[in-house]
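Reviewing the structure listed below.
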Amino acid sequence: MRALSIAATGMMAQQTNVEVISNNIANMNTTAFQRARAEFTDLFYETERRQGAESTDAGNIIPAGIQIGLGVKTTAVRRVALQGSLMETGNTFDLALQGRGYFMIDLPNGETAYTRAGAFQKSPEGQLVTADGFLLQPGIAIPDNAIDVTVNQSGQVFATVPDQVEPVNVGQIQIAVFANEIGLDALGDNLFAETTASGAPVVGVPSDDGFGKIRHKFLESSNVNSVQEITDLISAQRAYEMNSKVIETADQMSSTVTNMR
Amino acid sequence: MQTQIYVGLSSQLALRQQLDVLANNIANVNTVGFRAESVLFDSHLEKTHDRQTVSYVVDKFSYTDRKAGTFRETGNPLDVAIRGEGWLQVQTQNGVRLTRDGRLHLNPEGTLVNHAGYEVLGVGGAPVEIPEDAGNLQIMKDGTIGDGERVFGRIEIVRAADEGALAHEAGGLYVGGGALTPAEGIELMQGTLELSNVNAVLAMTQLIDISAAYQRAQTLVEGGDETARNAIRTIGRIE
């Protein structure tokens, strides 16, 4: 019976769905987390009687054939790159991106990673680093004697130092955009890496055309919508139950046959 | 005497077929743009030697339920749903295919593609290219795609001459259906997806129906067996 294996593909798909939803809910309060969504499509079809074939030698054509689909498969777990809401934190080194773009981070292995989580800190050397101590690219050095630091929408960093009226420009933050940002590879720790699917990064200055703005002293919240996740969870669970019901029915029908005298 | 068994058997075979189709519908209850399949059964009449008519069950063809699925708002700018009977076209290696699955993506070159990476065709059969510095994408009701200031192209929605002849392919694609013409008055809705049109309640009741009908057919087969056995026994006694 094909129904057994077809329903099994359905159950596996819904299991993936629940796993993705649970990861979304678990990361509801992760800075700049982008929710993922499991995407499904139908599997192959078996054609038992082909439409368009001639049914008689007089040229009559079968208008519709018999096609039996073989179930469902998960094609992608797609990140939904929607803007999360911005939350004011008041921290001097918290930066949120409003619009497109990713901060560039130097990984210890020399590669560049990309992130939207702008909760930076100052390293002992005065440079801006992530929570794990990875350097922000291009490097921004904050003077030791700085009283206050401000970052404007275009990513220019100004430090207010004693005995100077005008704040000093200490650097320019640059961000990267991608043709297909959902193709980025998630590395964990809010970091992403470039892939062939994402395309090469285009580096630019915030607030330029096609680049997002920087909001100083704000953080981007996750874009997880709890109501949506819970309704998705309910529908995934029901779909799982329905598929198990199909297995039960197929099993009953088989046992009817087995019990034949 | 054997007829009763074979009639029951033809019904059981048809019911298994129906269960397979139903199982596929239920497996795809959360598949975007999926349309349920149904099997149509017919009776096959045969005259026996004593001029009685016996009717068997045959599965004639499967057909696609063309009712639209429910629409769900996702807020994702690259999700589109088609309101009305129309199709998106994608260019596969085997030619143009139709789909109602509006989960669009951009590939690294900035071309609009579907979830499998096939180019979505715009007006004139050309793919739609989105430049790198594009702002927030907006897709209008007529398929025009732009960022508020510039227009990058228009996604074409088409209609097939013979929708009944469309055959399902993997990945929510359809093939066949004759000549394609631009669809008039069909709207695209951005940020929305068309869910599967499988009716869960109906599917569950069909499941119960199939199971019950299968058992009834089984009784018929067993009855035929019983009759044959009795006949043999009775005839044996007469001799």
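So that the names make sense, note that chain A is the first sequence line, chain B the second, and so on, each numbered from 1. Computed from a prediction, not measured in an experiment: that's the story for all the values here.
Heavy atoms of A:R2 lying under 4.5 Å from chain B belong to its backbone as well as its side chain. The part of A:L43 that comes within reach of chain B is its backbone (N, CA, C, O), which places non-hydrogen atoms under 4.5 angstrom from that chain. Heavy atoms closer than 4.5 Å to chain A are found in both the backbone and the side chain of B:A200. Proximity to chain B (any heavy atom under 4.5 Å) is restricted, for A:T231, to the side chain, taken from C-beta onward. Only the side chain of B:E37 comes within less than 4.5 Å of a heavy atom in chain A; its backbone stays farther off. For a residue to count as touching a neighbouring chain, one of its non-hydrogen atoms must lie under 4.5 Å from one of that chain's; by this rule A:S235 touches chain B with backbone and side chain alike. Proximity to chain A (any heavy atom under 4.5 Å) is restricted, for B:L193, to the side chain, taken from C-beta onward. B:D147 does not touch chain A: none of its heavy atoms, backbone or side chain, sits under 4.5 Å away. Looking at A:A250, the atoms closer than 4.5 Å to chain B (heavy atoms on both sides) sit in the backbone and in the side chain alike. At a 4.5 Å heavy-atom cutoff, the contact between A:A239 and chain B is made by backbone and side-chain atoms alike. Neither the backbone nor the side chain of B:S196 comes within contact range of chain A; no heavy atoms are under 4.5 Å apart. No part of A:N225 comes within reach of chain B, as not one of its non-hydrogen atoms sits under 4.5 angstrom from that chain. Heavy atoms closer than 4.5 Å to chain B are found nowhere in A:T195, neither backbone nor side chain. With a 4.5 angstrom heavy-atom cutoff, B:V29 touches chain A only via side-chain atoms.
In this structure, B:I26 CD1 and A:K245 NZ are separated by 11.0 Å, a value rounded to the nearest 0.5 Å. The distance from the CG atom of B:L19 to the CG atom of A:L4 is 8.0 Å, given to the nearest 0.5 Å. The CG atom of B:D20 lies 5.0 Å from the CD1 atom of A:I68; values are rounded to the nearest 0.5 Å. Here B:L173 contributes atom CG and A:Y45 contributes atom OH; the two are 10.0 Å apart, rounded to the nearest 0.5 Å. How far CD of A:E46 is from CG of B:N24: 10.5 Å, rounded to the nearest 0.5 Å. Separation of atoms CE (A:M242) and CG (B:L207) is listed at 8.5 Å; rounding is to 0.5 Å.
In terms of heavy-atom pairs under 4.5 Å with chain B, the best-connected choice from A:T196, A:T9, A:N243, A:V202 is A:N243. Chain B forms more heavy-atom pairs under 4.5 Å with one residue of A:N17, A:N180, A:V177, A:V80 than with any other, namely A:N180. Ranked by heavy-atom pairs under 4.5 Å with chain B, the list A:Q252, A:R100, A:M12, A:M11 is led by A:R100. Comparing A:V72, A:I182, A:T75, A:L70 by how many heavy-atom pairs each has under 4.5 Å with chain B, the most go to A:V72. Between chain B and the options A:D209, A:D232, A:I247, A:D208, heavy-atom pairs under 4.5 Å are most frequent for A:D232.
Across all their heavy atoms, B:A27 and A:G71 have their closest contact at CB-CA, 4.2 Å. Scanning both residues, A:A197 and B:P108, for their nearest heavy atoms gives O-CG, 3.1 Å. Of all the heavy atoms in A:R78 and B:L78, the pair that sits closest is NH2-CB, 3.8 Å. A pairwise comparison of heavy atoms in A:T41 and B:D101 identifies CG2-OD2, 4.3 Å as the closest pair. The minimum heavy-atom distance linking A:D42 with B:T31 is given by the pair N-CG2, 4.0 Å. In this structure, B:N30 and A:F40 approach most closely via the heavy-atom pair O-CD1, 3.7 Å.
A:V257 is listed as a side-chain neighbour of B:R16, based on a closest heavy-atom distance under 4.5 Å. Side-chain contact between B:Y214 and A:T249 is absent, with no heavy-atom pair separated by less than 4.5 Å. B:R72 is listed as a side-chain neighbour of A:Q228, based on a closest heavy-atom distance under 4.5 Å.
The 12-atom threshold is exceeded at CG of B:N230, counting heavy atoms of other residues, nucleotides or ligands nearer than 6.0 Å. Open room surrounds CD on B:E73; 12 or fewer heavy atoms of other groups in view lie less than 6.0 Å from it. More than 12 heavy-atom neighbours from other residues, nucleotides or ligands sit within 6.0 angstrom of CG on B:N94. Around CZ of A:F44, the count of heavy atoms belonging to other residues, nucleotides or ligands within 6.0 Å does not exceed 12. For B:N136, the CG atom sits in a loose shell: 12 or fewer heavy atoms of surrounding residues, nucleotides or ligands are nearer than 6.0 Å. Applying the 6.0 Å contact sphere to OH of B:Y6 captures no more than 12 heavy atoms from other residues, nucleotides or ligands.
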I would like to know whether B:N76 and A:R37 meet side-chain contact (heavy atoms from CB on, under 4.5 Å); could you show each step before the answer? CA-CA 11 Å; B:N76 190 352; A:R37 150 177 121 188; 4.1 Å; yes
Between B:T64 and A:Q67, is the side-chain contact (heavy atoms from CB on, under 4.5 Å) condition met? List the steps. CA-CA 10 Å; B:T64 309; A:Q67 282 199 306; over 6 Å; no
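A:T256 and B:Q218 share no donor-acceptor pair across their side chains, judged by distance under 3.5 Å alone.
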